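Remember, predicted model here, so these are calculated numbers, not experimental data. Here is how names work: the chains are called A, B, and so on, in the same order as the sequence lines, proteins then strands, and each is numbered from 1.
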Amino acid sequence: MPTELVLISTLFTGLMLGVIFSLVAAGVTIIYGSIWMPNAANGQFFLLAALALWSAAVSWGLHPVVAALLVIGASVPASLLLEQMLIRRFYDVPNRNVSYFVLSLGITQILAGLFSVTYGVWSDQFQIPPLMAGITFLGPFPVSNSRLAALVTGVALLAALFALLRYHKYGRAIRAVFQNRDAASLRGVNVRAIYRLSFVLGNLVVAAGGVLYAFAYSFDLSVSWSMSITAFAIMIIGGPGSVVGAVAVGMVFGFTQAIVSAFASPTVATFSYLGAMLLILLMKPSGLFAR
Amino acid sequence: MLEISGLTIRYGAFLAVGSLDIVIGKGDIVGLIGPNGAGKTSTVKALGGLIKPAAGRIAFRGRDLAGVPAHERITLGLSIVPEGRGIFARMSVEENLLMGAYAFDGADKAARMRRVYDLFPILAERRWQAAGTMSGGQQQMLAVSMGLMAEPEMIVLDEPSLGLAPIVIEEIGKALIRLREAGVTVFLVEQNATLTADVSDRIYVMSNGTVLHHGTAEEITRNEDMLGALL
Amino acid sequence: MTGRVPLFEAEGIVMRFGGVVALRKVSVTQFEGETLGMIGPNGSGKTTFVNVVTGHLAPQEGRVRVAGAEVTGFRPHRMAAAGITRTYQAVRVFRELTVADNIATATVDAPNRMDADEIAATLDWLQLGHRLAVPAGSLTLFEQRRLEILMRLVQRARLIMLDEPVGGLSATEVRAMLQVLGDLRRRTGLFVIEHAMKVIRELADSVVVMLAGEKLMQGTPAEILADKRVVDQYLGRAHA
Amino acid sequence: MTDALRKHGRGLLVFAVAAYALPLLLAGNRYFAFIGGIALLHVVWTAGMSLLYGYAGLMPLMFAGIAGISAYAAVGLMAAGFAFWTALPVAALFAALVGVGLGLPALRLKGFYFTLCSLVIQTVITLAFVYFVNLTNGDTGISQIAPPAWFGGPLQGVGFDLVLATLAVGAMVALVLIVEAPFGRRLVAVREDDELAEMLGIDVVRQKLAAFFVGSLFAAVGGAFYAPYVGFVSPRSFDVLLSLNIWLMVAFGGRGTIWGAVVGTVLLAPLPFLLQDYYKVKDVIYGLLIIGVIVLLPGGILGGLGSRAAAGTGTQSPGLRRKEAA
Amino acid sequence: ADQESVKVGFVTELTGPWSFFGTACVAGLKFAEATLNPPGKRKIEFIQIDNQTQPTQAVAAARNLDIQSKVIALSGPTSSDTALAIYGYAEQNKVPFLVPVAAFPQLTKPGTRYSFRIEPNAAGWGYAIAEFVAKQKPGAKIALMHSDFALMRAISAGLKYQAAKKGLKIEPEIVFPQGSNDATVQAAQVLAANPDYVVVVGAGGFDNTITNQLLDVGIKPEKIIHPYGMATQVKGWGKRSVGSLYGTFFDANLDTVTAEGRKFIDDFKAQNKRLPSYVENYCYVTSQIIREVIDADPKAGDDREVFRNTLSALKSKEVTSGIPIEFDKNGARKEYIYFMQIQDVGEVEYKSKPVFTTNWDPEIIPVYDLVK
Ligand SMILES: Nc1ncnc2c1ncn2[C@@H]1O[C@H](COP(=O)(O)OP(=O)(O)OP(=O)(O)O)[C@@H](O)[C@H]1O
Ligand SMILES: Nc1ncnc2c1ncn2[C@@H]1O[C@H](COP(=O)(O)OP(=O)(O)OP(=O)(O)O)[C@@H](O)[C@H]1O
Ligand SMILES: CC(C)C[C@H](N)C(=O)O
Ligand SMILES: [Mg+2]
Ligand SMILES: [Mg+2]
């Protein structure tokens, strides 16, 4: 059943891409929505996670699951270090979003430079050994178990993230700090702790996105910028700071990509979701899920 | 309950508060009045830990607040309603109230919320409205309510009457008196001398960063000069 | 009734925000040479009314006319060009710019602006002349309120709608502000929203009372202050 | 107008002398002269960015895209037989208009969201450059672009450099005039508080559009000259990195200070060329430099020194100044 | 000995998106250095500059080398974008330019005088695929999936041209924009169309992604053709792709590799833990050609016109494979390609066997009109 095959593969692709987009955009939006940092380096962080996974799984020969946990775990101390060295210096700067943007461009530049003279020299394409062997059929559509596992993990992560922000008071505290920092601290919110936590959490989610992406797809160094841009686009449409928006729009992007590229062409798909973005903004400049 | 001694606040070279002494006993309503720029808000900010005083000591229930960060003060029982409302504009009224009880995990938030809804029924009616789209006065009510959600030992209100209709100001006055009856200490920072005089046990009059006068409400209102200057 | 030229006519204004109806068929006309006051409980729609008349909000129903011409839904800059302007409930100036730059900005697109001498005289009158080089954000609240007014005056606004002009001012400053406003009403049309009855009593020729988005009544200060509904729902026992 | 020139006259003079001296001093070495020429081109771009970012508070990250549209248009017109000097104004105007059209949705956004949105638009433009092969030759690019004709001969070498110097000086003069004109004051007002500005009679939408158009025009003119100067254009010549760099030069030098942007440009534009031999650490150095400046001088190099001067366009209004003189 | 060394500017991709190719090229070049300057001969020196995979930078670097270092000739690019940028500069400023690896046809378009190219043009690769498929299965149906890069457009143009002549059908053709990252749906579409062969040309890691998606949905490896295969690509496709086909101009598994080529392969493998492919080979060969030019006419080391003319007249062989090197009037070589079938993929090496070879004249199809 060829049409059924195309249909199911479209749905699967939409979901898979949507989950990756959502994760990265959620990480970006958490960081923007708390410390006001538009992290242009998010794509580089994403790539860093994917490359680190490659090193751990391919060069060191660790089991892929161990390597994945290691990489995601390592994002925590790395983020803390970065927070300590650079990020916290700007917490009290007026208009710090601009300072942060410059900062993140600097970081982007450094990471891109490092990748280019290391990984860029080692290979032009990176592929991680499968998480697990075998293939599962979704109707007529075969999916490698490895990708399926990445998808399930991604969905679980998003659900956990959603629950954390929705049902834990930390979620409300992030928003409170974003909207009125002094008032939040008077109400008992430890502003700096929230900042730190958000930065770490956001990066962790981005790193998880990178790791899952690497399991699902082969990649090269060029994914970083396109991911940065896509994540920004999703954040703007979804309403900056809104994780629900990031997930909803991330899914829409994923499905648009899949559907339009199936029924028109991949190029039209890229134009179409970016064009849709402009249209939505024309109608609702604050984003769909602005808070 | 609260003891401020020798409090000095500087903004760069500018001396906003110079060696201020205020003592507030448990269960009192104490007023602090004074013209614009007297240093009232600066004092409140220092109480809240939002600015660091250049000198002086603030003791709350006998404990020096010097090393206590802003966010821990509310758990000590000190709830501050800042000037300029201090609400979360893009959260709903209800979420704002929940933020008011943020530091109190075990508390019965629904019950607390019912109590503030009794005080300001319009808030119950508008519980889903984004706080920032409420009218100026409604926002002020919300701000006071957030302060009350902490059910504190002591509440500090910085110009709660700003922008409120006369009848609401009256309501707030009554509410403050009820709070005192419930054992809450109230520090009322105001420019509205009438409200302050109506409810306060004692009043500090502040100008140019220092206390000019200090006495019971009657003493202050009896002082003709002062009345002239304030009312 | 000769010379009763309306500054603006608002007719049957309805303004809804989702479920909240902020204004229900409100009609108000202000005539030249008259100072209009507006009072009402919090949330009764006063600020919203000013927003509609000055073009910040486009009403769902009703129309606004200025000098006989319909201006409903005009953006604020066109209202300003027509001489209708306002101040904000929370004071609003260009905080980072100096007082002089604030003034210059106010004149930049004002077709009928004052000349340098007049500006200097107005500066003296409002006692801001010595503050020209200071960033407006570091002025005192009272100075900022005066600057707000000055910025409308240099445009030769025909009507200034003041949203709680004495809010946050100390008793002494309120008195000083009253003097300023007393002079001001001789120069230009004034529309004043206030909760401070003193201001309304001293300035307003006529007062509109708002209640829950509706115009409850209009009358002289004495009339409205004597009205039982106004006392019960707005002023409270203390003012009775 | 004369006020503006008087106020910035010294700066303009110094800049003009430097801009003209540069090609002459480097004339003996076409390589350094070329880097100088590229820097002068960047001055045109950053002047436009200064206007938008420093004065109107808009931070568009699609300048490279607009420059590219202009460059492709100019090359296309030249291929169709038009002289460069005819192609230039047409291409620049066209690109600036397209820029405004694309920027419209973004202009409705406030503050930083505008920036992010323009970043996405830049990406779309780059994709379009690759995609519309018939117009742009795709990512192959267009090479061997002929130099403009100039008094019968081709405009090359020092001659072209001097034209670029003139262009850069012209851009700075234009910037100074615009910024000191009422238009500049309106932009500052819009930047500081657009709602209040609107209340005071300033048509905010129109000012933003006008600013965006003028700023884009700077980008477009630079782009049109870029094509024959470098002799080659491709989508990668006008990618997002160029957009970011143009903005960085302004932020780096000091936002809202007219000469800050020039300082930033002169320091950063030649860097990739000068670091060519240190390719392994080049990006890292560039990144560290950016981070270093933002950490040590948050207001940029010049902005860090005189931050207050950055905010206003002058301390006194023209009206008042006249009175003092009287 | 009192003679100054001959300087050649080597502008290549050491950073940026193509850095892998530039670096691989330099690695290949390095192996030639041992034999490049035998005692008694005039020394040849390569000055390497990074072009950041940026055309502007490439032009600037060319200018730098031309003016600052006064090189006799330029070389180095491994990507068509940077090569084309330098091409313009070289032709305008009359600097000989020897392109090691860049397949875009226009680099030797009619009228070209100073640019010479070692790699066959990409439209020809497409031509060769059509020839190969037509031989395997006349009237076959080919699915074409490619990224939107100049190189890939050139390949498909050649393929489409020759397929039409040979009565092959191309369907579907799927073009992915730059920066694409998924091909799941497209793989399903291809499966649904049930073609005889699938030609896959993705950029970078995306090439693996497409290949994997095709294999995932059950397309047999024997149906997949990659127009070119570098060692890392072959490794990237992995064991699953055993049986699939790729084109190449030099491969460690070819019998035609000479003794010198063998040594090159072994040395390279020892140092880089992988096999060299044609990119490394062409850069290795480039230095050898320059040596021959200088040896053929001593004046070529000092005079660019002489260098250009000597190079143009050169009749030589790739030392590694014995394949002739001769340039036509536009600087293009007589072209050839091998199609290899993967037989095994290991950690360092892979095994493959040649299944088809063809060679052709650059103008056997109208390449210069096919892709502009
Ligand atoms: N962040 C600041 N930087 C510099 N000066 C400040 C700052 N905040 C307040 N000041 C100055 O300190 C003085 C005291 O200000 P404060 O706000 O405490 O007065 P206040 O009594 O609360 O006045 P108001 O009645 O207007 O609220 C004023 O002169 C004010 O201008
Ligand atoms: N943007 C908005 N969205 C939703 N509701 C709004 C919005 N703006 C105003 N309202 C509602 O409209 C009503 C009228 O508000 P308005 O600000 O006009 O009151 P007001 O009379 O000025 O009150 P105050 O004296 O407290 O300033 C209020 O109930 C307010 O909550
Ligand atoms: C390495 C090759 C596939 C690159 C190709 N020669 C090009 O022209 O871009
Ligand atoms: Mg205060
Ligand atoms: Mg109001």
Trainee: Identify which part of E/Phe176 has an atom lying under 4.5 Å from any heavy atom of chain A, answering side chain, backbone, both or neither.
Mentor: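 Backbone plus side chain of E/Phe176, per the 4.5 Å heavy-atom cut-off to chain A.
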Trainee: Side chains of A/Pro142 and E/Asp216: does their closest heavy-atom pair fall under 4.5 Å?
Mentor: no
Trainee: Need one label for A/Ser116: side chain, backbone, both or neither, based on atoms under 4.5 Å from any heavy atom in chain E.
Mentor: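 Both backbone and side chain.
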Trainee: Taking the side chain as every heavy atom from C-beta outward, state whether E/Met230 and A/Gln125 have any pair of such atoms under 4.5 Å apart.
Mentor: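 E/Met230 vs A/Gln125: side chains apart.
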Trainee: Which atoms of E/Ala203 come close to chain A, meaning under 4.5 Å heavy atom to heavy atom: side chain ones, backbone ones, both, or neither?
Mentor: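 Backbone only.
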Trainee: Can you tell me how far the CD atom of E/Gln213 sits from the OG atom of A/Ser144, to the nearest 0.5 Å?
Mentor: 7.5 Å
Trainee: Looking at E/Lys273, E/Lys235, E/Gln233, which makes the most heavy-atom pairs under 4.5 Å with chain A?
Mentor: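 Top option by heavy-atom pairs under 4.5 Å: E/Gln233.
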Trainee: Taking side chain as everything from C-beta outward and backbone as N, CA, C, O, which of these in A/Ala269 sits under 4.5 Å from a heavy atom of chain E? Side chain, backbone, both or neither.
Mentor: neither
Trainee: Can you tell which of A/Asp124, A/Asp220, A/Thr267, A/Ile8 has the highest number of heavy-atom pairs within less than 4.5 Å of chain E?
Mentor: A/Asp124
Trainee: I'd like to check E/Val217 versus A/Ser9 (side-chain heavy atoms, cut-off strictly below 4.5 Å). Are they in contact?
Mentor: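 They are not in side-chain contact.
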Trainee: Which one wins on heavy-atom pair count under 4.5 Å against chain E: A/Phe115, A/Tyr217, A/Phe219, A/Trp225?
Mentor: A/Tyr217
Trainee: In terms of heavy-atom pairs under 4.5 Å with chain A, which of E/Gly16, E/Ala27, E/Pro177 leads?
Mentor: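 It is E/Pro177.
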Trainee: Counting heavy-atom pairs under 4.5 Å with chain E, which one of A/Leu11, A/Ile135, A/Leu17 comes out on top?
Mentor: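 Of the options given, most contacts go to A/Leu17.
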Trainee: Looking at A/Ser123, A/Ser226, A/Ala258, which has the largest count of heavy-atom pairs under 4.5 Å with chain E?
Mentor: A/Ser123
Trainee: Can you name the one residue among E/Thr23, E/Leu14, E/Asp50, E/Thr15 that meets side chain to side chain contact (heavy atoms under 4.5 Å, CB included) with A/Val117?
Mentor: E/Thr15
Trainee: Counting only heavy atoms closer than 4.5 Å, note whether A/Phe141 contacts chain E via side chain, backbone, both or neither.
Mentor: side chain
Trainee: Under 4.5 Å from any heavy atom of chain E, what part of A/Ser261 do you find: side chain, backbone, both or neither?
Mentor: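 For A/Ser261, the contact with chain E is made by backbone and side chain together.
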Trainee: By a 4.5 Å heavy-atom criterion (distance strictly below it), what part of A/Tyr213 contacts chain E: side chain, backbone, both, or neither?
Mentor: side chain
Trainee: Sort out for me which of E/Val175, E/Thr232, E/Asp182 touches chain A most, counting heavy-atom pairs under 4.5 Å.
Mentor: E/Asp182
Trainee: Report yes or no: does E/Gln189 contribute a side-chain atom to a donor-acceptor pair with the main-chain N or O of A/Val6 at less than 3.5 Å?
Mentor: no
Trainee: Measure the shortest side-chain to side-chain distance between A/Gln257 and E/Asn181 over non-hydrogen atoms and say whether it is less than 4.5 angstrom.
Mentor: yes
Trainee: E/Val185 and side chain to side chain contact (heavy atoms under 4.5 Å, CB included): which partner among A/Thr10, A/Val260, A/Ile259?
Mentor: A/Thr10
Trainee: Please classify the contact between A/Trp122 and chain E as side chain, backbone, both or neither, with a heavy-atom cut-off of under 4.5 Å.
Mentor: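 Looking at A/Trp122, just its backbone touches chain E.
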